[in-house]
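The next block holds one structure in the form of structure tokens; read it before the comments.
Every value quoted in this text rests on a predicted model; they were computed, and no experiment measured them. In what follows, residues are counted from 1 in the order of the sequence shown.
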Amino acid sequence: MENQTSSTGKFNSWFAVVAIVLAILFSFILYYNVLGDPSNFQGDNINNHPKEGNYLGVVYKGGLIVPILMSFLLMVLVFSVERIITIAKASGSGSVNSFIRRVKSLLSSNDIRAAIEECDKQKGSVGNVVKSVLYKYEGLSRETGLNKEQKLVAIQKELEEATSLELPMLEKNLTIIATLASVATLTGLLGTVIGMIKAFAALATAGSPDAVALANGISEALINTALGIATSALAIIAYNFFTSKIDDLTYNIDEIGFSITQSFSASTK
């Protein structure tokens, strides 16, 4: 299980790097080739104002911060899908609560072999942890060189070690989502400030007030804020959702671990 967890961790690390690079590349390609298409602007010239009602051109005029924010949004979406798949696999097949009930029932009748078979059917992180602890349980049942307290400590240690191998896999890439939740808002505000500076600077050098140009400049600057807030909100929702799911799995592992310890204590003299 340790080698499998190590391989999964390496895959997740490479996946994160590749996903970030591809998100950035795709966002800049989309920015220049789709949003920056000359047909989105008056006179088919990207230096002019966007055509009336053409929001692709409006977003393009938000400046170079826009593709950065777009890449942030793509990263949140990609890592959210990746976490959904990973946590679904960790939950195993079928209901985790039903699995726990079946294992508890088998433990009460001291049928360890059948409980291990249930773990093979369930798979997932909970099944892996329980299976590891049950193998330890089975081995200690035949051990004569340790007293009851030492055996209980050994089972508890096995539970902690098995859990520590599984949890990092579940929490992988959540740090990226959490970081994007705060960075996206700040980046959006930065883009807005830069856009406002450019808008007022252009107005100052024009010689006469141009309400239309000023309004366009402000709306283009605020595109960055809108993108930043939307990305941040999505990242916060995703992060809280995934941490909640991981907490549920951790609770289930603790619950079945406690049941195994209690069962071993009751069946060992």
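A distance of 12.5 Å separates CG of N33 from CZ of F28, quoted to the nearest 0.5 Å. To the nearest 0.5 Å, atoms CG (D254) and CD (E160) are separated by 9.5 Å. Rounding to the nearest 0.5 Å places CD1 of I223 at 9.0 Å from OG1 of T192. Taking CD1 from I260 and CD from E255, the interatomic distance works out to 11.0 Å, rounded to the nearest 0.5 Å. To the nearest 0.5 Å, atom OG of residue S93 and atom NZ of residue K121 are 10.0 Å apart. Atom CG of L222 is separated from atom CD1 of I229 by 9.5 Å, given to the nearest 0.5 angstrom.
Here the closest heavy-atom approach between residue L74 and residue F26 is recorded as CD1-CD2, 3.3 Å. When all heavy atoms are compared, the tightest approach of K51 to D44 is NZ-OD1, 3.6 Å. Considering all non-hydrogen atoms of both residues, C119 and L134 come closest at SG-CD1, 3.9 Å. The minimum heavy-atom distance linking A90 with L249 is given by the pair CB-CD1, 4.1 Å. Closest approach of A16 to I176, counting heavy atoms only: CB-CD1, 4.1 Å. Summarising the geometry of P38 relative to I46, their closest heavy-atom pair is CA-CG2, 4.0 Å, with the distance given to 0.1 Å.
Not a single donor-acceptor pair under 3.5 Å links the side chain of S105 to the backbone N or O of R102. A donor-acceptor pair under 3.5 Å links the side-chain atoms of N128 to the main chain of G124, judged by distance alone. With hydrogens and angles disregarded, a donor-acceptor distance shorter than 3.5 Å links the side chain of N40 to the backbone of L35. Using a distance-only test at 3.5 Å, with no hydrogens or angles considered, no donor-acceptor pair links the side chain of N240 to the main chain of A235. With hydrogens and angles disregarded, a donor-acceptor distance shorter than 3.5 Å links the side chain of Q122 to the backbone of S91. Panel note: side chain N252, backbone I100; no donor-acceptor pair is recorded below 3.5 Å. A distance-only check finds no donor-acceptor pair linking the side chain of K61 to the backbone of A221 [under 3.5 Å]. The main-chain N or O of S182 is never found under 3.5 Å from a side-chain atom of S232 such that the two would form a donor-acceptor pair.
Residues that satisfy the ring-ring contact (aromatic ring centres under 6.0 Å, His included) test with F242, not counting sequence neighbours, are absent from this structure. Residues satisfying the side chain to side chain contact (heavy atoms under 4.5 Å, CB included) test with I194, not counting sequence neighbours, are L190, K198.
You'll find the side chain of E138 reaches within 4.5 Å of the side chain of I116, heavy atoms only. Inter-residue side-chain proximity for L170 and S125 is flagged as met; some heavy-atom pair is nearer than 4.5 Å. Using a 4.5 Å heavy-atom cutoff, the side chains of N173 and I177 are not in contact. In this structure the side chain of F15 never reaches within 4.5 angstrom of the side chain of V18, judged on heavy atoms. Considering only heavy atoms from C-beta on, D37 stays 4.5 Å or farther from L56 through its side chain. At a threshold of 4.5 Å between non-hydrogen side-chain atoms, the residues L159 and Q156 count as touching. L234 is listed as a side-chain neighbour of L77, based on a closest heavy-atom distance under 4.5 Å. The closest side-chain heavy-atom distance from Y239 to F79 is not below 4.5 Å.
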- Given side-chain hydrogen bond (donor to acceptor under 3.5 Å, both in side chains), test S80 with R83 step by step and report yes or no. CA-CA 5 Å; S80 293; R83 283 296 89 192; over 6 Å; no
- Hey, mind stepping through V103 and S259 against side-chain contact (heavy atoms from CB on, under 4.5 Å) and telling me if it holds? CA-CA 9 Å; V103 171; S259 296; over 6 Å; no
- Trace of the side-chain contact (heavy atoms from CB on, under 4.5 Å) decision for K151 with I155: CA-CA 6 Å; K151 292 179 179 180; I155 287 179; 5.6 Å; no
- Task: For L107 and I112, run side-chain contact (heavy atoms from CB on, under 4.5 Å): C-alpha distance rounded to whole Å, both residues' side-chain angles, the deciding distance at 0.1 Å, then the answer.
- Result: CA-CA 6 Å; L107 286 174; I112 307 303; 3.8 Å; yes
- Does the side-chain contact (heavy atoms from CB on, under 4.5 Å) test come out yes or no for M75 and T231, once each step is laid out? CA-CA 10 Å; M75 288 177 206; T231 301; over 6 Å; no
- Item | side-chain hydrogen bond (donor to acceptor under 3.5 Å, both in side chains) between S27 and S71, intermediate numbers included | CA-CA 5 Å; S27 297; S71 69; 4.6 Å; no
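Residues L69 and L22 fall into different hydrophobic clusters, defined by Ile, Leu, Val, Met, Phe, Trp and Tyr side chains chained together at heavy-atom separations under 4.5 Å. A single hydrophobic cluster is seen to contain both I87 and F241, as judged by linkage of ILVMFWY side chains at heavy-atom distances under 4.5 Å, directly or through other members. When the side chains of ILVMFWY residues are joined at heavy-atom separations under 4.5 Å, either directly or via intervening members, L73 and L64 end up in a single hydrophobic cluster. Grouping the Ile, Leu, Val, Met, Phe, Trp and Tyr side chains by contacts below 4.5 angstrom, directly or via other members, places V183 with V78. A continuous path of ILVMFWY side-chain contacts below 4.5 Å connects V34 to I68, so both sit in one hydrophobic cluster.
Within a 6.0 Å sphere centred on NZ of K89, heavy atoms belonging to other residues, nucleotides or ligands number 12 at most.
Contact check on E118 versus K131 returns no salt bridge, with no Lys/Arg side-chain nitrogen under 4.0 Å from an Asp/Glu carboxylate oxygen. A salt bridge does not link E82 with K172: none of the charged nitrogens is closer than 4.0 Å to a carboxylate oxygen.
Applying the ring-ring contact (aromatic ring centres under 6.0 Å, His included) rule to pairs touching residues 82-133 yields nothing, sequence neighbours excluded.
The aromatic rings of Y31 and Y60 lie parallel to each other, their planes meeting at an angle below 30°, with 60° marking the opposite boundary.
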